[in-house]
Amino acid sequence: MSLPGVGECAARPGLRGQVAARCAVGVARVLIKLKPGRLRRVLTVLSRGARPAGRERALAARRAAVAVSVRCAGLGCLQRSVAAALLCRLHGEWPDWCSGFRTRPFGAHAWLEVDGEPVGEGEAIGAFRTVIAVRAAGTARGTGGGRGRG
């Protein structure tokens, strides 16, 4: 995956939050080894019954993953996005989980969205086209991919 090129910094959550974040990062590390279609199916199952995540919850989950994992703070966008989605799920919520690519220059990326807007991403995210997405229940777009970002 290709964004961000520079590591992020985030304040460490409390002890309880650190334990949850480390567990989510560990589970995400295992899940990202799955083939893309299987990963999408697993995330779809995990998202069932969850309320759509709010922007603050999704951003806090992303920051927690970044705070406890050097990989998630750097080029590990797939692991970061999966871990953040799992952290949201621990609170009964699910953001839109997205993965996609850009062509010029070629790059792949994974991120979270809330209400169709990327969470914690820079402006460069607009060049990415969503290929695989696991949408929160109740969103108009449903589960699937193919929606362009730019």
Side-chain angles (χ1 to χ4, degrees), residues 1-5 8 10 13 17 19-69 71-150:
M1 301 290 171
S2 62
L3 281 180
E8 296 180 41
V19 170
R22 288 183 191 279
C23 288
V25 167
V27 170
R29 178 137 180 139
V30 173
L31 291 177
I32 66 171
K33 294 178 189 274
L34 298 173
K35 292 181 180 180
R38 185 168 292 250
L39 175 60
R40 182 187 55 79
R41 287 190 297 275
V42 168
L43 293 179
T44 298
V45 168
L46 291 172
S47 72
R48 288 186 185 143
R51 300 178 308 276
R55 178 165 291 284
E56 291 304 314
R57 170 79 66 207
L59 188 56
R62 186 183 195 283
R63 287 179 177 157
V66 165
V68 301
S69 169
R71 183 172 175 84
C72 290
L75 295 176
C77 63
L78 182 58
Q79 186 174 358
R80 176 179 57 242
S81 64
V82 170
L86 295 174
L87 284 168
C88 288
R89 187 61 181 103
L90 287 175
H91 294 278
E93 298 179 11
W94 189 263
D96 293 344
W97 176 86
C98 304
S99 179
F101 69 95
R102 67 177 177 213
T103 56
R104 293 187 187 168
F106 181 81
H109 190 49
W111 66 95
L112 299 181
E113 290 182 359
V114 171
D115 296 328
E117 294 297 320
V119 175
E121 302 291 336
E123 292 192 23
I125 192 73
F128 286 84
R129 176 173 172 75
T130 301
V131 175
I132 301 172
V134 178
R135 304 283 181 196
T139 59
R141 291 181 305 264
T143 302
R147 184 176 62 85
R149 290 220 39 88

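Here the structure is a predicted model, which means the values were calculated and not measured.
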* Structure fact -> dist H109:NE2 -> S81:OG (nearest 0.5 Å) comes out at 7.5 Å

* Are the side chain of R80 and the backbone N or O of A83 linked by a donor-acceptor pair below 3.5 Å? -> no

* Minimum heavy-atom distance between V42 and L34, given as atom pair plus value -> CG2-CD1, 3.9 Å

* To do: Measure the NZ-CG distance between K33 and L78 for me, rounded to the nearest 0.5 Å.
  => 11.0 Å

* **V25 side chain near C72 side chain, heavy-atom distance below 4.5 Å** => yes

* Rounded to the nearest 0.5 Å, how far apart are CZ of R62 and SG of C88? -> 12.0 Å

* Asked: Closest heavy-atom contact between A61 and L87?
  -> O-CD1, 3.5 Å

* **Minimum heavy-atom distance between A53 and V114, given as atom pair plus value** => O-CG1, 3.3 Å

* **CZ on R57 to CD on E93, rounded to 0.5 Å** => 4.5 Å

* Counting only N and O atoms by type, is there a donor-acceptor contact under 3.5 Å from the side chain of R63 to the main-chain atoms of G120? -> no

* Keeping the roles fixed (side chain from R55, backbone from P118), state whether a donor-acceptor pair exists under 3.5 Å. => yes

* Which distance, rounded to the nearest 0.5 Å, do you find between the CG of L43 and the CG of L86? -> 7.0 Å

* Asked: Is any side-chain heavy atom of W111 less than 4.5 Å from a side-chain heavy atom of T130?
  -> yes

* What distance separates W97 CH2 from R135 CZ, expressed to the nearest 0.5 Å? -> 10.5 Å

* Asked: Between R89 and R48, is there a donor-acceptor pair closer than 3.5 Å when you use the side chain of the first and the backbone of the second?
  -> yes

* To do: Check for a donor-acceptor pair, side chain of R102 on one end and backbone N or O of G126 on the other, with a separation under 3.5 Å.
  => no

